[in-house]
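Read the numbers this way: they start at 1 and go in the same order the structure lists the ligands and their atoms.
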Amino acid sequence: MKVLVINAGSSSLKYQLLDTNSQEVLAKGLCERIGIDGKFTYKAPGKPTVDAADVAMPTHAEAIQAVLAALVDPLGGVISSMSEIDAVGHRVVHGGETFARSVRIDDRVMAALEENVPLAPLHNPANITGIKACTAVMGPGVPQVAVFDTAFHQTMPPVAYVYPLPYEYYQQDKVRRYGFHGTSHRYVTHRAADMLGKPIEALKLISCHLGNGSSIAAVSGGKSVDTSMGFTPLAGLPMGTRSGDLDAGVLEYLMSRHGMDIKEMVSVLNKKSGVLGVSGVSSDFRDLCAARDSGNDRVALALDMFNYGVKKYIGAYAAAMGGVDAIIFTAGVGENDADQRMAIASGLEFMGVKMDPDANAIRGKEAIISAIDSKVKVLLIPTNEELMIALDTAELA
Ligand code: ADP
């Protein structure tokens, strides 16, 4: 089956055309600056690449049209007509408590997506726009599926998702831990079971998605039982620019001292904090590693804080699950940064984690990076959210 995977943002749209039988990516690219001055990129193996500026894209509909035109282009295209696209899979950020799994989109689902907009006011409207643009351009006959970042975590028990606030805020306002990166955690934990040759039902896994945004999930028997992000992706680990967990008392103190309103304060927490805030140098781990190696102490502190945060979650989730069979590293930092992986795993020998430094000297490939006699296995698994979205879409379309 050929599935077009769409990840729509407010002014951007990432796309991939995948063949779900061969699991091959046939073409992929990005529409950026939608509604501004339209930038379009397209890549397909063995075909001429497109990298065009000033492409007329007043709305997401023109962006989808540009994608389809590139896919069927006689020179660079990979299909001969749009009818070869069997279905479209959309990444949707927030499914609230309504969606515990991926779903085929119909009017009822669209209404439920609209209802969940208050939970993700920046992201869900963009996802809805992407779905409407596909319907407008491709017609209502092409099946579309929504795959939610939050859905995988809907298996968490109340003890993990209820916040210690007046209970009415959960009942009336839906304030609770939802968790994100669910598609990634689901993908890598299933790959881990394959790599270990064990049924996922028999495994206790800790999945560390460490990228620009980072989250950790405790996955017991294939079900997410806890995760570090919360009501929003601002919770949990210190990230590239997000603070992660923080004493809420700091907010009032800083707002009054610096005359900030709540919007400015939250913007600091989302955009100026994390390893960027502490280091004062960058949110990008490549820059940080280089600066640390040239002797910058604040950068070293930022990286140490990040590793310390990951280590604490690993300990906490091993305790929450009553043990752990394997720890998974994935996403930009987890897949590429051998030093960070080593630093995180060091000191965990007491709980049966023993790394193999040679096996760990690897990037971006599935591998077991713990020693043969390590009681807890450590795995490097590149994430593939687009493939997971395409497979769900093929199943439901
Ligand atoms: P997101 O999808 O959340 O934007 P990614 O999963 O792509 O983020 O991760 C981006 C992060 O991965 C960046 O901080 C980047 O520096 C880091 N990264 C990518 N390659 C490497 C590398 N070779 N070494 C260290 N960090 C890397």
How about Tyr161 and Tyr178: are their ring centres within less than 6.0 Å of each other? no

Among all the protein's non-hydrogen atoms, which is closest to atom 24 (N) of ligand 1, and how far away is it? Arg286 CG, 3.7 Å

Suppose we measure from atom 14 (O) of ligand 1 to each protein heavy atom; which comes out shortest, and what is that distance? Phe285 N, 3.1 Å

Report the part of Arg363 (side chain from C-beta onward, or backbone N, CA, C, O) that has a heavy atom under 4.0 Å from ligand 1; answer both or neither where that applies. side chain

Ligand 1 atoms nearer than 4.0 angstrom to some heavy atom of Gly213 are 3 (O)

Within 4.0 Å of some non-hydrogen atom of Ala331, the atoms of ligand 1 are 6 (O)

For Asp284, counting its heavy atoms only, list the atoms of ligand 1 lying under 4.0 Å from any of them. 14 (O), 15 (C), 16 (O)

Give the numbers and elements of all ligand 1 atoms closer than 4.0 Å to a heavy atom of Gly332. 5 (P), 6 (O), 9 (O), 12 (O), 17 (C), 18 (N), 19 (C), 27 (C)

Is it the case that the side chain of Thr150 and the backbone of Gly95 share a donor-acceptor pair, with hydrogens and angles ignored and the cut-off at 3.5 Å? yes

Could you tell me whether Asp226 and Arg177 have a side-chain N and a carboxylate O separated by less than 4.0 Å? yes

Are the ring centres of His94 and Phe180 closer than 6.0 Å? yes

Report yes or no: does Glu62 contribute a side-chain atom to a donor-acceptor pair with the main-chain N or O of Thr59 at less than 3.5 Å? yes

To the nearest 0.5 Å, what is the distance between CG on Asp86 and OG1 on Thr393? 11.0 Å

With heavy atoms only and a cut-off of under 4.0 Å, state how Ser283 meets ligand 1: side chain, backbone, both or neither. backbone

Looking at side-chain heavy atoms only, is the closest gap between Arg363 and Asn336 below 4.5 Å? yes

Numbered atoms of ligand 1 (with element) below 4.0 Å of Asp337, judged on heavy atoms: 25 (C)

For atom 1 (P) of ligand 1, is there a protein heavy atom at a distance under 4.0 Å? yes

Lys375/Asp325 salt bridge by N-O under 4.0 Å criterion: no

Atom 23 (N) of ligand 1: closest protein heavy atom, distance to 0.1 Å, is Asn336 CB, 3.4 Å

Min N/O separation Asn212 to ligand 1 under 3.5 Å: yes

